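The block underneath contains the structure these notes are about, expressed in structure tokens.
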Amino acid sequence: MSTNHTCKYFGKCGGCQTPNLTYDEQLSMKMRKMISAVGKRCRVDEIVAMSDPTHYRTKIQAAFMRMGDSVQCGIYQSGSGRVIPAKSCLLEDEAAQKIRRTVEKLAHSMRLTVYNPKNGRGLLRHVMIRTSRATGQAMVTLVTGTSPFTKAEAFVDALVSACPDVTTIVQSVNETDIPLWLGGKQAVLFGDGVIEEQICGARFLVSPKAFLQVNPTQTEKLYSLAMEGAALTGKETVLDAYCGVGTMAIIAAKNAAKVTGVEIVEDAVADARRNAALNGVKNADFIAADAAEYMQKLARNKKTPDVVILDPPRAGCERKLLTALTHLAPKRIVYVSCNPDTLGRDVNTLCKGGYKVTRVTPVDMFPFTTHIESVVCLSREKADDYIRISVQTKDLKTKAN
């Protein structure tokens, strides 16, 4: 794994931070960061690496710009607002890149206008392409301004003819001044507006706005580790506190008595219910609610699940959620993290609340970046041990005062 990978856009686009390091050096750096964050709580397993760490991103976004008489499609720099007209990328799926280059050529040959943020005129803003390694399907979401897309039919015909793996094309209208925003009114121009991905034997329909990990190879490994930590035998009740579109909840449902997924975003809950139906899962419910408030309600009603799965955003878990979780006191917690710093903070809080860390496994989900995913397994301390620790802590505070 000591191969060097070079990128002529390194330092210009900002998409990756460590292509100047060998892959082994990247893995060592990430291991050190994980050990620093949670190593005092538990021995950290060797990081789960990729056999080929390139071209893993199955979701890519590229912004349009005009350069002279040509239409260019490249990487948007959030800091400067510039577009880097990169023709290739070390991280992006090669099939998705081919589609992106075709979209660029068609935009130029069909003389489609590019959106001008200064006056709000023009059509093309950015394009998002999602591919599925499992099914070979590809989705193109063309994000436009409010200008009419008069050549939509001709564009669709030409793109599908040039790229037969494109199974659906969606137009999304961005009326705001927010770059790379995917919201507002949407219209399906071709296909049914979704593609199918498969993870750990389960099927998931992916719409333009749906959240799904962008590295399917490592996602399988990450979620498999999470299921190992959940240690389900078919008798357990499971709460997935940040369920998103239901990926881990649906995978867990195969080996659980009952699964409840909680997610504050209503669109994601609708996707989760649809995905459960697609997989014939009948022992999973999905609820649109704040996870901390839902846990507080369960604690008041003395309905404690056996296992709680956490997969929070980079900011980690809110304090009120961790407080509610320690009051709820499930037997096991599986924490899927994308940020070692907030993971370390949250794990410390959980350990003070009566849990011990039993396993830590980092997963290299995003090679050539500084991001690290991991699975941390926690179990409830024995009741008498927890009481003893609590009493000792109170005694120390008393002496300190």
Side-chain angles (χ1 to χ4, degrees), residues 14-17 29-30 32-42 44 47 57 59 61 76 78-79 178-183 209-215 218-219 222-223 225-226 229 239-249 261-269 271-272 286-296 308-328 330 333-353 355 357 360-366 369-378:
C16 51
Q17 298 88 48
M29 177 190 69
K30 293 181 180 184
R32 290 193 298 271
K33 193 166 185 178
M34 283 299 302
I35 292 169
S36 175
V38 291
K40 67 180 180 180
R41 296 289 182 185
C42 180
V44 178
I47 190 168
R57 288 190 64 94
K59 172 187 170 183
Q61 295 187 93
Y76 179 80
S78 57
I178 304 171
L180 301 190
W181 186 65
L182 193 69
K209 295 182 185 180
F211 171 80
L212 199 70
Q213 294 281 9
V214 300
N215 184 338
Q218 295 300 83
T219 299
L222 186 77
Y223 289 174
L225 285 165
L239 173 63
D240 185 351
Y242 296 89
C243 74
V245 298
T247 44
M248 278 196 285
V262 179
E263 170 61 53
I264 201 165
V265 180
E266 293 187 2
D267 285 349
V269 172
D271 283 343
F286 296 95
I287 298 168
D290 176 84
E293 293 174 4
Y294 184 80
M295 287 184 189
Q296 290 170 340
V308 170
I309 298 172
L310 303 173
D311 186 7
R314 287 189 58 77
C317 298
E318 294 179 274
R319 171 67 68 163
K320 66 175 184 176
L321 183 140
L322 295 174
T323 301
L325 181 56
T326 53
H327 285 142
L328 192 59
I333 298 171
V334 179
Y335 192 133
V336 179
S337 167
C338 61
N339 186 342
D341 295 329
T342 54
L343 170 67
R345 179 201 67 198
D346 292 350
V347 163
N348 286 339
T349 300
L350 291 170
C351 288
K352 289 176 183 177
Y355 285 88
V357 180
V360 178
T361 310
V363 177
D364 191 26
M365 183 77 77
F366 303 106
T369 77
T370 55
H371 300 305
I372 314 168
E373 298 270 333
S374 61
V375 176
V376 176
C377 305
L378 303 100

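We count residues from 1, following the sequence as given. This structure is a prediction, so every number in the text was calculated from the model and none was measured.
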(message) Before you tell me yes or no, could you show the steps for Met248 and Val334 under side-chain contact (heavy atoms from CB on, under 4.5 Å), namely the whole-Å CA-CA distance, both residues' side-chain angles and the distance that decides it to 0.1 Å?
(response) CA-CA 11 Å; Met248 278 196 285; Val334 179; over 6 Å; no
Under the 3.5 angstrom rule, does the side chain of [X] hit a backbone N or O of [Y] as a donor-acceptor pair?
{"X": "Gln213", "Y": "Asn215", "value": "no"}
{"X": "Asp271", "Y": "Val245", "value": "no"}
{"X": "Asp240", "Y": "Gly261", "value": "no"}
{"X": "Ser36", "Y": "Arg32", "value": "no"}

Shortest non-hydrogen contact from [X] to [Y]?
{"X": "Val336", "Y": "Ala226", "value": "CG2-CB, 4.1 Å"}
{"X": "Cys243", "Y": "Phe286", "value": "SG-CD2, 3.9 Å"}
{"X": "Glu263", "Y": "Gly244", "value": "OE1-N, 2.9 Å"}
{"X": "Cys42", "Y": "Val360", "value": "CB-CG2, 4.1 Å"}
{"X": "Tyr335", "Y": "Pro312", "value": "OH-CG, 3.4 Å"}
{"X": "Arg345", "Y": "Gly316", "value": "NH2-CA, 3.8 Å"}

(request) Would you please name every residue forming a salt bridge (Lys or Arg N to Asp or Glu O under 4.0 Å) with Asp346, sequence neighbours left out? (result)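 Asp346 satisfies salt bridge (Lys or Arg N to Asp or Glu O under 4.0 Å) with no other residue.
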Value rounded to 0.5 Å, distance of [atom1] in [X] from [atom2] in [Y]:
{"X": "Glu373", "Y": "Ile47", "atom1": "CD", "atom2": "CD1", "answer": "10.5 Å"}
{"X": "Lys30", "Y": "Thr370", "atom1": "NZ", "atom2": "OG1", "answer": "7.5 Å"}
{"X": "Ser337", "Y": "Met34", "atom1": "OG", "atom2": "CE", "answer": "6.5 Å"}
{"X": "Asn348", "Y": "Arg41", "atom1": "CG", "atom2": "CZ", "answer": "4.5 Å"}
{"X": "Ile287", "Y": "Ile264", "atom1": "CD1", "atom2": "CD1", "answer": "13.5 Å"}
{"X": "Met295", "Y": "Leu321", "atom1": "CE", "atom2": "CG", "answer": "4.5 Å"}

Within the 4.5 Å heavy-atom criterion, are [X] and [Y] side-chain neighbours or not?
{"X": "Thr349", "Y": "Arg319", "value": "yes"}
{"X": "Val357", "Y": "Val38", "value": "no"}
{"X": "Val214", "Y": "Phe366", "value": "yes"}
{"X": "Cys317", "Y": "Tyr242", "value": "yes"}
{"X": "Pro330", "Y": "Leu239", "value": "no"}

(request) Could you walk me through whether Thr247 and Thr219 pass side-chain contact (heavy atoms from CB on, under 4.5 Å), step by step? (result) CA-CA 10 Å; Thr247 44; Thr219 299; over 6 Å; no
